[in-house]
Structures are given as C-alpha cells and as structure tokens.
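Here is the naming used below: chain letters follow the sequence lines, and residue numbers restart at 1 for every chain.
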Protein chains: 2
Amino acid sequence: MYKPPTEPETLARQRDADRTRAALLVAARTLFSTRGFANTGVRDVADLAGVNSSLVGRYFGSKQGLFRAALDSVLDISPVLRGDRHRFCADMVSALCNTPDARGPLAMMILSAADPEAHATSVELLQTKVLTPLAEWLGPPDGAWRAAQLHILWSGFLTSWRLLPIQALDDTRIASARRWLEAATQAIVDEGAP
Amino acid sequence: MYKPPTEPETLARQRDADRTRAALLVAARTLFSTRGFANTGVRDVADLAGVNSSLVGRYFGSKQGLFRAALDSVLDISPVLRGDRHRFCADMVSALCNTPDARGPLAMMILSAADPEAHATSVELLQTKVLTPLAEWLGPPDGAWRAAQLHILWSGFLTSWRLLPIQALDDTRIASARRWLEAATQAIVDEGAP
DNA sequence: GGGGCTTGTACACAACTGTTTACTTACGAC
DNA sequence: GTCGTAAGTAAACAGTTGTGTACAAGCCCC
C-alpha cells in the first residue's frame, strides 16, 4: 500500500498548552451548558476542542476539575456591577440572554445539578461569585433577600425560556418577555429606594 | 453443603403486575426527581422498587417509556384547579413544596432536561397538562401570559430552593419565603381582576 | 390436576464511561 | 547538534450502562 513520505494534511499541530487549555474550556462551557454534566463525555469535549481526550486529565485533573474551571471562568458579574447604575437591569438581562458560549453559566449549573459533585461546585461558586457580590451591590435594606429575589426571577425565566421552553416565551414573544423581565428586575432593585 | 428443602426467607413474591408497575413508578419518580434522568439507572429504579430490572423493559418498553409514564402519573394540577378559588395560591404553593415522591414533577423535568428525549417529553406534558389548563383557569385577560408568569415564578423558586439551593432559602428562612411566594402568586392571579 | 399464559429471574451482550499508562514527537536551552 | 523536558497521542483498563434473550415458576381456567 502506498504511503506518502510525509503526512501532508495532518501537519504537526503547534504545541501550545495555553491555547489547548483555553480550547478545552470553551468546548466544556458549550457542552456542559447544553447537555449538562452527565450527558457530556470528556471525549466529546476534547473532540470539539480538537485535542486528545487524555489532555483533560492532564490539565484539569478530572472531568470534575474541568467543570469547575469552566464554570469559574464564566461566572463573573463584576463587569455588570461596575457599570452604570442606571444600566444595571438592561445589562443584566442582556448578559443573561446573550450568552457567549452556548447557554451560559446558569444553564450550565442547572443542567448539571443532578450530579452530586458538580452540584456542590455550582452551589459554592454561585454563592461566592454572584449572590454575595450582588447582595453587597444592592445594599441595605435587605440586600441579600433582594439578591435572592433577582436570582429566583432570572433562573425561572431562563429555565422557562431555554431549558424547559414554554410557548409563551417562543421566538415570536421573547422580545416583549424580555422587556417584562427588565421591568420586573427594576422593580426588585427599586424596592430598596422607593 | 446443607440446603434447606424449601427456600425459607425468599418465599416466592406474590405475582401482581399492577403492584409491580406501581412500585416501579414510585421508585422512578423518587429517583428521577432527585438525580435526574441520566444519573438514574434502570437497575437503581428496580432495586428501589424491589423488582427485577428487566421488568422495566417489559412494562414500559424502555427507560424513556418509564420516564414518560412516571412524569405523566404525577403531573396533574386539576385537583388544585377544581378547589376553592380563594385557596388557589395556598394550595398551589403547598403542592409545590410538599411533594409526595422526593422532589416533585418540576424538579424531575428540570433535572432531566439535559437528555434530549426526556426533554421533549417534559416540554410536551408540561404544556398540555399544566400550562394550558392553568391558562384556561386564569381566563382573560392574558390567561396564557399570566400562566407563564406563574410558571416562571414557581420554577425559579423551586430551582433556587432545592435544585441549586441558595442561602436565602435555607431551612431557617424558608417559611417566610413561602409566604412571599404565596403573595407573589396572588399578585399575578389578581392582575386579571384589579 | 394439567395445559397455557403471565409474572419474575438470571445472565449475556455490546457500547460507552473516566482515568491511567506507555509511548512518540516537537520545542527550547545549551 | 543534541539532549531534556513539555505537549500530544494511542490504547488499554475496569466499571457501568440499557437492552434483549433464555429460562423458571406461579396463577387461572378448563
């Protein structure tokens, strides 16, 4: 059988650990937030990233480590909190709906909540990286409780829109629903300063 | 080695197909609503029900068939809708929080949303067995949209309470949170008749 | 009491899982 | 150039999964 002297198309991939790690994180965010933790195999992530599956173990220790790193890398609301206070609601709703990789961190956490370890990771990171800073930003009175109300509202909206889609939030009605979400968010924020 | 003439403890289980089917459904509801579809094996369900795992295939065709049957068997809000109109909010919140088998149908659907087929089943049954009847019950104006608002509120609450628990809804604060949920529900119901 | 259908059990099967190991190859310092 | 280390690959591992099949046994009707 003929064999070409040097493999033509599979010219050796450039070796770049940082790039590989980043590609794995992007693929992980995409798949975990779409199919959840249990329905995503490390081979799926590696294939999407275009790298070998054993590199997951090398760079992140385990599938769980990859999940934590992927979630941690995208769970950050400080940009919105640092922005204009008038723009908070619009920015937040926008960040919630226009998610960069697939369906965003909230979907990633909820779809992966069935796995005990991924669940623990999500609970921890959600509290420290979202709810606590948000409660501080809202300030007294009842910053923590209003932060919780916001989270309830947002997770309910996201669940009903993308995770368990209902007819009232389909493509033809999503625009007005987003306006409603923004108004509802504003109402909770304003509870503090009537 | 001695062998007793007739097995003493494993005396033949009485053969009752209906009872077996029912036991499988209870076990399925419990596990699916706790661990989700992907993290629940047919052997787990069968073991919890105390029957042989191959009976899942016989009685429900497949694991997917079991999921549909289990969800269908518990997704029914007509008792609440038939009750006193004044009691609607209290009954609904109670039904949402005091779920008979483990965590109830909403948790079951959300935790299983990562699986494509279980997801399709959930979307279909949720619309036909909950949202549509609820929208009719609410009536004009905007029955469908107010039903959607209720679903967003409830699914957000349940997610933040049991699926991805936040500190603001822990055991010490859940009582007042339930009162808040009831009031918020009432507000949406009353939107129709100010 | 004895077929015949139903109920239940045990087991085999192939596919897939996350992880680990042994190995090859590229890059950079000397 | 060459040598050592980092980067990447392939394959094997043991465990688990859903499903199907072959077999044992109870129940009911005749």
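- Among the protein residues, A:Gly41 comes within range of the sugar-phosphate backbone only, with heavy atoms under 4.0 Å from sugar or phosphate atoms but none that close to a base.
- One finds no side-chain N or O of A:Thr20 lying less than 4.0 angstrom from the OP1 or OP2 phosphate oxygen of D:dA7.
- Between the CG atom of A:Asn39 and the C1' atom of D:dG18 there is a distance of 14 Å, rounded to whole Å.
- In the model, B:Asn98 has a side-chain atom that pairs as donor or acceptor with a side-chain atom of B:Ser94 under 3.5 Å.
- Classification of B:Arg68 and B:Glu124 as a salt-bridged pair holds, one side-chain N sitting under 4.0 Å from a carboxylate O.
- For the pair A:Thr40 and A:Arg58, both in contact range of DNA chain C, the more 5′-proximal nearest nucleotide belongs to A:Thr40.
- In this structure, B:Arg19 places its CZ atom 21 Å from P of C:dT6, rounding to the nearest Å.
- The interatomic distance linking A:Asp47 (CG) with D:dG8 (P) rounds to 15 Å, in whole Å.
- Judged purely by distance below 3.5 Å, without hydrogens or angles, the side chains of B:Arg162 and B:Thr99 pair a donor atom with an acceptor atom.
- When the C1' atom of D:dA6 is taken as reference, atom OH of A:Tyr59 falls 8 Å away, rounded to whole Å.
- Between the CZ atom of B:Phe67 and the P atom of D:dT17 there is a distance of 18 Å, rounded to whole Å.
- Atom CG in A:Leu55 sits roughly 8 Å away from atom C1' in D:dT9 (whole-Å rounding).
- C:dG28 atom P lies 10 Å from atom CZ of A:Arg15, rounded to whole Å.
- Taking only side-chain atoms of A:Asn52, from C-beta outward, the nucleotide of D:dT9, C:dG18, C:dT9 with the closest atom is D:dT9.
- Counting heavy atoms of neighbouring residues, nucleotides and ligands inside a 6.0 Å radius, atom CG of A:Asp171 does not exceed 12 of them.
- Counting atom types as modelled, B:Arg43 pairs no side-chain N or O with a base atom of D:dT16 as donor and acceptor under 3.5 Å.
- Residue contacts shown for B:Ser54 include a base, since a base heavy atom lies under 4.0 Å away.
- Nearest nucleotide to the B:Val42 side chain, out of D:dT19, D:dA6, C:dT19: D:dT19.
- Ring geometry, B:Trp154 versus B:Phe88: the interplanar angle falls from 30° to 60°, so the pair is classed tilted.
- Here D:dT17 presents its P atom at 12 Å from CG of B:Leu31, a figure rounded to the nearest Å.
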